[in-house]
Structures are given as structure tokens and as C-alpha cells.
Amino acid sequence: MQETPFCLRVGYLLPYSMSNSNTTDFTNPSTFILLGIPGLEAAHVWISIPFCAIDVIAFLGNFTILFIVKMEPSLHVPMYYFLCMLAVTDLVLSTSILPKTLSIFWFNSREIDFRACLTQMYFLYCFLVMESGFFMAMALDRYVAICHPLRHSTTLRNSVVANIGLAVVLHGGIIILPSFLLVSQWPYCRTNIIPHTHCEHMALMKLACGDIHVTSYYGLFVLFFVIGVDVFFITVSYIQILRAIFSLPTKDARLKTFRTCGSHLCAILVFYIPNLFSSLTYRFGHNVPLYFHVLIGNVYLLMPPMINPIIYGVRTKQIRDRLLRLITHKGTTFFSCCSGSQTTFRADLGGKLVLGQ
């Protein structure tokens, strides 16, 4: 007996499903249906709470970094320029998936237009590659600053930093373009249901009816070669940085620099490890529960935008001091205004009493 298609087994999605999985009219559907987190539908509202909290922290943290760097002239140096580029990338990453994810969790709004789905996928992976590139640029900046401090200002001039940033952006946009073009040309004749919270590349591949081997191999190329090159340069940079740290004369200087670099490495690992794990389990982890795939796929997209402002911002003395000065200055100004208004009120009141006599 023929097995019932998956889309027909999910009863509440029958209005969106096709009546026959071999229907030729279904090729390239006008909309896809995002399931959210399959198997955890009853907990969608509860899952949305940490998701929303992560997004608020990421939004406030990254905008705070951009504001402080803009307002403080002493922070107009390569390290903070790269940090601003990373902050913008994080903002795009979090806002590219979370609004639709929360609409699924809160309002059961599962439909997404075919073109909007492909656009979301393109920007998502484009900015993931950019984030990896900015991590590499920041690692190279720290390498020059720690290992060759006398040449830092001449090596990383503003024009060089701008060119590096432009190269990272173009690199991310161009390297993902072939995948986008291939995905947009596939015939989709199985189902329009995506068991995910967003238009994930591997999830779309499983819906296609055509030959997906070229796209699959290209995805592995991007993962192991493009991202692998970034990881290689980051690793080499931090090995040289650690060698320079252990050659410092005092223990306090070694500990201080090591703590800073250690926190930076933690942020980098939070980005790369879940990304690698998600990509490999989607291809080879056939026994892994589907909801686990989806949760990991959200972790590597949502956690770095939240963690990066904390590690690169709050734990950076210059940004922390500038933020404290800003808060203290506003508090002092507020109380000074209140005190001045109170004194003026008393003076006016005293004048009226004198006139009344």
C-alpha cells in the first residue's frame, strides 16, 4: 500500500497541502509553509520568550556599540570600525529571521511568499559569510596590534580598513549567489511545507525534485573551503597572539591580555561550532530528531548577535568606560536640571511672598 505523504499526515496543514504529491501544477509554488519547530508546536509560545529576550538584548547591545563608537572620537580606530561592521551584520542576521519566527509562534502565521523565502535565504547566508569574514578581520587586527604594535597604525590605515570591509561584503554577496540562483531554478513538486522556522537551505533542498548534487557539493565547498579559510587565518592569528602573550614580562599583563583574547575566542567558537554541527547533522545525522535540527539552526543564528556586544562591548574597557560616562552624565544632567528647577521655583515663590507682604 502506498505511504501517505507527509503533508497529508499533518492534519492542520491540509488547506495548504497538495492533494497529490505528483501534481505537476505544484511546481514552483507561490508560497511555502513554515512549520516552526516540528514536534514542539504546543510549546511555541514558551519558546518565543527566550527568543524574544535574545533579540532585544542583541538589538540594544549592537545599537549601543554603534552609538558609542560614533560619539567617541577616541574609538575611531580599526578595531572598533571592524566591531561596528560586525554589529551591523548581527543586526541584519537577527532581524532577517526573528520577525517571521515570532509571527509563527504567536499568530500561527506560517505562509511565506516564494520570492520572500528565497530572499530571506540569500541574505541569511550572505551575512553569515560576512560575519565569518569580519571575525577574521578582527583577528588579524588583534594580531598586528599585539605582535607588531609599532606597525599597527601604518599597516591598518582607514583606507585599508574600508577596503577590507568592502572586500568582506562583496565576498559574502558573491559567494552565496550561485546557491541562490540554483535554488531559484529548482522544480518544487513534492510539498511546500518547510519543517523549520525560516527558509533554511538544506530544508529547501529536501523539497526539490531536480538534481541537487551540484548545490550540495557547492554548499560543502562554502562550508569547508570558504569558512575554513577564515577559521585557518583566525587560528594562526590567535596562535601568534598567544605566543606573544606568554612572552610578556609581567604576570598581570599576561592574565589581562589572555582574558581578553579568551573571551574573543569564546565568541568565535559560539558562531562556528553550532554552524558546523548544524550543517553536518542535516547531511549525515539522519537519526537526529527534527526539532533538534531546528533548534540548533536557530542557536547559531541568534546567539552570536546577542553574545558579540557583551564580549566585544561590555568587556572592552574603552566602550564600558564611555557607556558609564554617558549614563553618569545623563544622570547628573537630570538631577542638575531638577535641582535648578526647584531652586527657581523657590526663588519665584519667595518673590511672590515678598510682594504679597
Side-chain angles (χ1 to χ4, degrees), residues 61-62 64-66 68-70 72-90 129-169 171 226-273 275 304-325:
N62 286 294
T64 300
I65 287 177
L66 292 171
I68 290 177
V69 172
K70 183 181 186 320
E72 182 60 44
S74 64
L75 300 181
H76 294 176
V77 293
M79 174 183 174
Y80 297 104
Y81 289 146
F82 287 132
L83 183 57
C84 287
M85 297 175 194
L86 184 67
V88 172
T89 305
D90 284 335
V129 174
M130 288 184 198
E131 178 134 349
S132 178
F134 287 130
F135 274 131
M136 181 184 69
M138 294 173 72
L140 293 175
D141 171 71
R142 290 299 83 204
Y143 162 73
V144 177
I146 293 174
C147 300
H148 305 284
L150 298 179
R151 292 191 293 177
H152 184 261
S153 58
T154 56
T155 303
L156 290 173
R157 302 183 304 276
N158 287 343
S159 59
V160 174
V161 172
N163 288 332
I164 291 175
L166 180 62
V168 170
V169 171
H171 175 253
V226 178
I227 305 297
V229 168
D230 294 343
V231 172
F232 172 78
F233 281 111
I234 291 171
T235 304
V236 171
S237 297
Y238 274 96
I239 288 174
Q240 297 300 318
I241 289 170
L242 290 174
R243 290 180 59 186
I245 288 173
F246 289 119
S247 65
L248 293 174
T250 62
K251 183 179 179 181
D252 290 340
R254 288 197 296 269
L255 287 175
K256 181 180 178 181
T257 311
F258 183 76
R259 280 197 296 266
T260 302
C261 292
S263 61
H264 292 182
L265 282 173
C266 288
I268 292 170
L269 292 176
V270 166
F271 174 74
Y272 283 111
I273 291 179
N275 192 346
M306 181 189 72
I307 290 175
N308 291 339
I310 297 173
I311 290 179
Y312 290 104
V314 176
R315 290 182 61 87
T316 302
K317 186 177 184 301
Q318 292 88 336
I319 292 182
R320 186 172 64 246
D321 291 347
R322 183 65 179 88
L323 180 60
L324 290 174
R325 286 205 310 272

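Just the heavy atoms: all of them, side chains too, but no hydrogens, waters or symmetry mates, feed the values below. Fair warning: this is a prediction, and the values are worked out from it, not measured in the lab.
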Trace of the side-chain contact (heavy atoms from CB on, under 4.5 Å) decision for Leu140 with Val144
CA-CA 6 Å; Leu140 293 175; Val144 177; 5.6 Å; no
What pair of heavy atoms forms the shortest contact from Asn308 to Ala267, and how long is it?
OD1-CB, 3.6 Å
Might you work through the side-chain contact (heavy atoms from CB on, under 4.5 Å) test for His264 and Tyr238, ending with a clear yes or no?
CA-CA 10 Å; His264 292 182; Tyr238 274 96; 3.3 Å; yes
Spacing of CZ belonging to Arg322 relative to CD1 belonging to Ile65, to within rounding of 0.5 Å:
14.5 Å
Counting only heavy atoms not in Tyr272, do more than 12 fall under 6.0 Å of its OH?
yes
If I take atom CG from residue Leu75 and atom CG from residue Leu83, how far apart are they, to the nearest 0.5 angstrom?
9.5 Å
Nearest non-hydrogen partners of Ala139 and Ser237, listed with the distance
O-CB, 3.8 Å
Would a distance-only check, ignoring hydrogens and angles, find a side-chain to backbone donor-acceptor pair under 3.5 Å from Asn163 to Ser159?
yes
Using the rule given for side-chain contact (heavy atoms from CB on, under 4.5 Å), can you reason through Thr89 versus Val168, listing the C-alpha separation, both sets of side-chain angles and the distance that settles it, and then say yes or no?
CA-CA 11 Å; Thr89 305; Val168 170; over 6 Å; no
Note, Met130 side chain near Val88 side chain (heavy atom, < 4.5 Å):
no
List the atom of Phe271, the atom of Asn275, and the distance in Å for their closest heavy-atom pair.
O-CB, 3.3 Å
For a 4.5 angstrom cut-off between non-hydrogen side-chain atoms, does Phe82 reach Ile164?
yes
Quick check: do Met138 and Ile268 have side-chain heavy atoms less than 4.5 Å from each other?
no
I need the Ile319 CD1 to Ile68 CD1 distance, nearest 0.5 Å.
6.5 Å
To the nearest 0.5 Å, what is the distance between OH on Tyr80 and CG on Asp141?
10.0 Å
Close side-chain approach of Phe135 to Ile234, heavy-atom, < 4.5 Å
yes
Decide yes or no on side-chain contact (heavy atoms from CB on, under 4.5 Å) for Val236 and Phe233, but give the supporting numbers first.
CA-CA 5 Å; Val236 171; Phe233 281 111; 5.6 Å; no
Can you name the closest pair of heavy atoms from His76 and Lys70 and give their distance?
NE2-O, 3.5 Å
dist Asp90:CG -> Met306:CE (nearest 0.5 Å) comes out at 11.0 Å
Nearest 0.5 angstrom please: Leu265 CG to Leu269 CG, how far?
6.0 Å
Distance-minimising heavy-atom pair for Pro304 and Pro309:
O-CD, 4.2 Å
Donor-acceptor check, side chain of Thr154 to backbone of Arg151, threshold 3.5 angstrom: yes or no?
yes
Identify the two heavy atoms, one from Pro78 and one from Leu156, that lie closest to each other, and give their separation to 0.1 Å.
CG-O, 3.3 Å
Going by the angle between their ring planes, with limits at 30° and 60°, are Tyr143 and His148 parallel, tilted or perpendicular?
perpendicular
